[in-house]
Amino acid sequence: MRSAFRLLRVAGIDIKVHFTFPLVLLLGAFDWGSRHGAPGAAFGALLMMALFVCVVLHELGHSLVAQRFGIDVREIILLPIGGVALFGRMPRKPQQELLIAIAGPLVNVAIALLLGSYLGFRGDLPLDGSRLLELTQAGPSTQTLLQWLLAANVSLFVFNLLPAFPMDGGRILRAILAMFLGFSRGTRVAAGIGQMLALALGLFAIFNGQILLALVAAFVFMGAGQERAVEEARVLLSTLRLGDAYNKYALTLAPGDSVHRVIDYLLTSYQPDFAVVLGGRLLGVVTRDAVLQSLAAGQDDNYVTGIMKREVLHLDADLSLAQAREQMAEKGFPVASVYDGERFLGLINQDDINEALRIAAFLRLAQERKAVDVSVA
Ligand code: ZN
């Protein structure tokens with residue numbers, strides 16, 4: 001993300017702050033400064049910094065688990081509303097998504113437990129809610145800092161577990177649903193639940209005059225819709241099969257055709273390879289190179305069967321394009337035949353695959369821009 005500056009690098013992940021981030025420090029300074037003067041202002045800024053250290057740890061929780069599953073984590077960006085981790089791709093398996101999503105909130109639980117046991121050991125644990133509320137009245141002190149951070153981590157945990165996108169709870173819900181319904185239906189159901197929850201939250205906020213909560217509800221509502229769109233792009237991408245990319249309108253040859261006919265075809269079409277077919281069965285492939293070699297040798301009166309390659313890589317139409325490309329490269333075939341079971345469909349070459357993958361890459365780019373984790377502080 002442009003307009004963000006790198007602070008440090010942890011486990012190969014850039015941790016950046018957005019240029020609007022200092023706003024939240026100012027807000028904290030203003031809030032505490034109005035009650036406790038200049039020392040209060042410094043304390044307020046310190047509280048916000050400590051809070052965002054917890055947010056970074058939360059995002060690192062997600063990111064380190066994601067890295068374990070081989071997912072590339074580009075950067076973590078701190079915004080005034082929270083942290084965002086940008087992943088190279090989303091996890092494929094529901095179990096992976098579940099573990100990645102739950103890792104963030106678990107970091108907040110761990111921090112809260114640490115702070116709680118330390119404060120408990122010192123007899124400073126605010127056990128009842130009324131003492132928690134008094135925190136804002138308490139003056140700046142180490143005890144206030146730790147108690148405030150404890151309360152903040154508990155609320156980070158609770159809020160992020162709301163079962164609505166883009167919160168972690170939404171991903172956890174989707175992962176669990178996906179185990180039973182599959183990824184696409186799981187996403188649709190989870191997005192629907194999230195939007196209903198956001199609607200209820202929004203109505204509650206409006207009736208109670210809570211503008212900030214209403215904004216959060218709107219944010220959650222849009223997040224759920226976006227997740228659905230991301231899923232649609234992913235389905236499109238993963239359904240890009242060899243059967244969708246081979247040349248369905250290719251010219252074919254019969255065993256009795258002469259090399260002259262291929263020369264005609266080469267001059268009048270962009271097609272570089274030709275299947276020699278008899279009764280729907282593939283006999284071999286004539287490539288442009290083979291034709292040129294035959295021409296150079298002055299043997300253009302031959303039949304195509306004389307110059308065709310009989311050994312052709314056999315690929316199933318169900319293969320994904322990435323798998324097909326891998327197999328062709330591995331076995332050294334620039335051209336392969338595509339089959340639906342026993343039925344010959346047509347030929348595919350590296351250029352066809354690259355072109356289709358280029359289009360897919362654009363789709364993926366649009367998808368990756370949205371593959372983020374948001375944690376609201
Ligand atoms: Zn999170």
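Counting starts at 1 for both ligands and their atoms, following the listed order. Positions are given from 1, in the same order as the sequence printed here.
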*Asks:* Where the Zn ion (ligand 1) is the corner point, what angle links OD2 of Asp168 with NE2 of His58, to 10°?
*Replies:*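 The two atoms subtend 90° at the Zn ion (ligand 1).
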*Asks:* Among the N, O or S atoms that His62 has, which is closest to the Zn ion (ligand 1)?
*Replies:*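 Among the N, O or S atoms of His62, the one closest to the Zn ion (ligand 1) is NE2.
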*Asks:* Would you say the side chain of Val286 lies within less than 4.5 Å of the side chain of Asp273, judging by non-hydrogen atoms?
*Replies:*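 No, their side chains stay 4.5 Å or more apart.
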*Asks:* Identify the two heavy atoms, one from Ala324 and one from Leu315, that lie closest to each other, and give their separation to 0.1 Å.
*Replies:*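 Reported closest heavy-atom pair: CB-CD1, 4.0 Å.
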*Asks:* Roughly how far, to the nearest 0.5 Å, is OH of Tyr265 from CG of Asp257?
*Replies:*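 Reported value, rounded in 0.5 Å steps: 6.0 Å.
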*Asks:* Is the distance from the Zn ion (ligand 1) to some N, O or S atom of Glu59 under 2.8 Å?
*Replies:*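 Of the N, O and S atoms in Glu59, none lies under 2.8 Å from the Zn ion (ligand 1), which means no.
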*Asks:* One thing to verify: whether Asp340 and Arg343 come together as a salt bridge, which I'm taking to mean a side-chain N less than 4.0 angstrom from a carboxylate O.
*Replies:*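 Salt bridge present between Arg343 and Asp340.
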